[in-house]
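Along the sequence shown, residues are numbered consecutively beginning with 1. Computation of the quantities below employed the complete heavy-atom set of this structure, encompassing side-chain atoms and omitting hydrogens, waters and symmetry-equivalent molecules. The structure displayed is predicted, hence computed values, not measured ones.
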Amino acid sequence: VVLSQIGCLLNDSTSCDAALRVSRAVLERRPAIPMAQAAARVSRALVAIYGSKHDECEEELEFLEQFKRINMMPFLLTDRLLGSLAHCAGQTRRALVHFENAVALCRKNGFRPELAWTLYDYAKALLDTGSRHDREKAATLLHEGHDLSSQLGMRALVAAIAAFRQRYGLRLARKPVGLTNRELEILGLLSLGRTNKEIADALCISSNTVAVHVARVLSKTGSSNRTEAASYAGRHHMTGETRESRRPPPATKCRFWGQR
């Protein structure tokens, strides 16, 4: 289990492979030792999540379901593991139930490091539901998880949450001060230091249209210039790459209606 945890945390495939070899040996041992076999299945489950192996996650989920609400391993609640397995297997609603149970157990027993990890994993699952309410809850959980992991000196988790916020900032945004989806995209690109022309090329709109959107963004965020708007984006975790900003430059110039 420790090998698989190290492998997943450090993105180390060598440790994950070693964990699988040990797990296989334990499972093949006769006579079987029940708790050792359960630990081996936990190890396999962690590696399956790391490799996004949906079928294996579903298999381990069904086996480990019998241990829900039981803390079989130090620093790893079974319900958090079940939530991650269900999420990887595409069973999002089932995952949310397990994560909610894990959060409740952590809060009740004061498992603060495990709570921080659970909040992060829970938020990732919530973001996949497509629900506005769930997106807002995910943002709240990430905020709590970031503060808690910072207090506890959990640098790996702090970095993971920061990277997740950067990647999914627009989906996590609560659309403060009435920003539209397009204005959120403009704000995200402003935070990257893009010029109006660069924004126009990225979104395939005219520079004049960009200028109108920028003016609205500045007005709604109470910013007097682009630098202040970028600072606003940073405070609301709306910085970083957007889907549009990651697009490669178009092979041909964007053509607007009426142009030849």
Steps toward side chain to side chain contact (heavy atoms under 4.5 Å, CB included) verdict (E198, L189): CA-CA 9 Å; E198 290 170 335; L189 290 165; over 6 Å; no

Give the intermediate values and the outcome of side chain to side chain contact (heavy atoms under 4.5 Å, CB included) for residues K124 and D128. CA-CA 7 Å; K124 290 192 293 183; D128 280 349; over 6 Å; no

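- Taking both residues in full, the closest heavy atoms of E60 and L85 are given as C-CD1, 4.1 Å, listed atom of the first, atom of the second, then distance.
- Across all their heavy atoms, L127 and R135 have their closest contact at CD1-CG, 4.0 Å.
- L148 and F164 fall within a single hydrophobic cluster, where Ile, Leu, Val, Met, Phe, Trp and Tyr side chains are chained together by heavy-atom contacts under 4.5 Å.
- Within the 4.5 Å cutoff, the side chain of N225 has heavy atoms near those of the E228 side chain.
- Contact annotation: the side chain of I199 never approaches that of H213 to less than 4.5 Å [non-hydrogen atoms, C-beta and beyond].
- The minimum heavy-atom distance between A230 and S191, with the atom names listed, is CB-CA, 3.9 Å.
- Remark: of the listed residues E100, H98, H87, R80, E100 is the sole one forming a side chain to side chain donor-acceptor pair (under 3.5 Å) with Y122.
- Between E62 and K68 there is no salt bridge, since none of the side-chain N atoms of the basic residue sits less than 4.0 Å from a carboxylate O of the acidic one.
- Between L141 and T118, every side-chain heavy-atom pair lies at or beyond the 4.5 Å cut-off.
- Between atom CG of residue L218 and atom CD of residue E183 there is a gap of 10.5 Å, rounded to the nearest 0.5 Å.
- In terms of hydrophobic clustering, with Ile, Leu, Val, Met, Phe, Trp and Tyr side chains grouped at heavy-atom distances under 4.5 Å, M154 and V103 are assigned to a common cluster.
- Of the candidates T195, L190, N196, N196 is the only one forming a side chain to side chain contact (heavy atoms under 4.5 Å, CB included) with V210.
- A heavy-atom distance below 4.5 Å is found between the side chains of T129 and L96.
- Using a cutoff of 4.0 Å between basic side-chain nitrogens and carboxylate oxygens, K197 and D201 are scored as salt-bridged.
- Hydrophobic clustering of Ile, Leu, Val, Met, Phe, Trp and Tyr side chains at less than 4.5 Å, counting indirect connections, unites L157 with F99.
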Apply side chain to side chain contact (heavy atoms under 4.5 Å, CB included) to L105 and E114, showing your working. CA-CA 10 Å; L105 188 59; E114 183 65 12; over 6 Å; no

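- The closest side-chain donor-acceptor pair between R112 and Q151 falls under 3.5 angstrom.
- Hydrophobic clustering, with ILVMFWY side chains joined whenever heavy atoms are under 4.5 angstrom apart, keeps L27 apart from L46.
- Under a 4.0 Å N-O distance rule, the pair E65/R94 qualifies as a salt bridge.
- Nearest heavy-atom pair across Y232 and S223 is CB-OG, 4.5 Å.
- The shortest non-hydrogen separation linking C88 to S52 is SG-CA, 3.7 Å.
- For the 3.5 Å distance criterion, the side chains of S43 and S23 qualify, holding a donor opposite an acceptor.
- With a 6.0 Å radius and a threshold of 12 heavy atoms from other residues, nucleotides or ligands, D55 has its CG atom at or below the threshold.
- No continuous path of ILVMFWY side-chain contacts below 4.5 Å connects V26 to V47, so the two sit in separate hydrophobic clusters.
- At least one side-chain heavy atom of T78 sits less than 4.5 Å from a side-chain heavy atom of L82.
- Applying the salt bridge (Lys or Arg N to Asp or Glu O under 4.0 Å) rule to E56 yields no partners; only residues at least two apart in sequence or on another chain are considered.
- Put simply, the side chain of R216 reaches to within 4.5 Å of the side chain of V212, judged on heavy atoms.
- Between A125 and T92 the shortest heavy-atom distance is O-CG2, 3.6 Å.
- Once rounded to the nearest 0.5 Å, the distance linking NE2 of H143 with CD1 of I161 reads 11.0 Å.
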Salt bridge (charged side-chain N to carboxylate O under 4.0 Å, His left out) evaluation trace for D134 with K137: CA-CA 5 Å; D134 286 344; K137 184 174 182 178; over 6 Å; no

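- Side chain of T221 to main chain of V217: a donor-acceptor pair is present (N/O by atom type, distance under 3.5 Å, no hydrogens or angles).
- Here the straight-line distance linking atom CD of Q91 with atom CD of E58 works out to 5.0 Å at 0.5 Å rounding.
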Which is it for I49 and R44 under the side chain to side chain contact (heavy atoms under 4.5 Å, CB included) test, yes or no, and what are the steps along the way? CA-CA 9 Å; I49 294 167; R44 293 204 326 181; over 6 Å; no

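- Taken to the nearest 0.5 Å, the OH atom of Y120 stands 10.0 Å off from the OG atom of S84.
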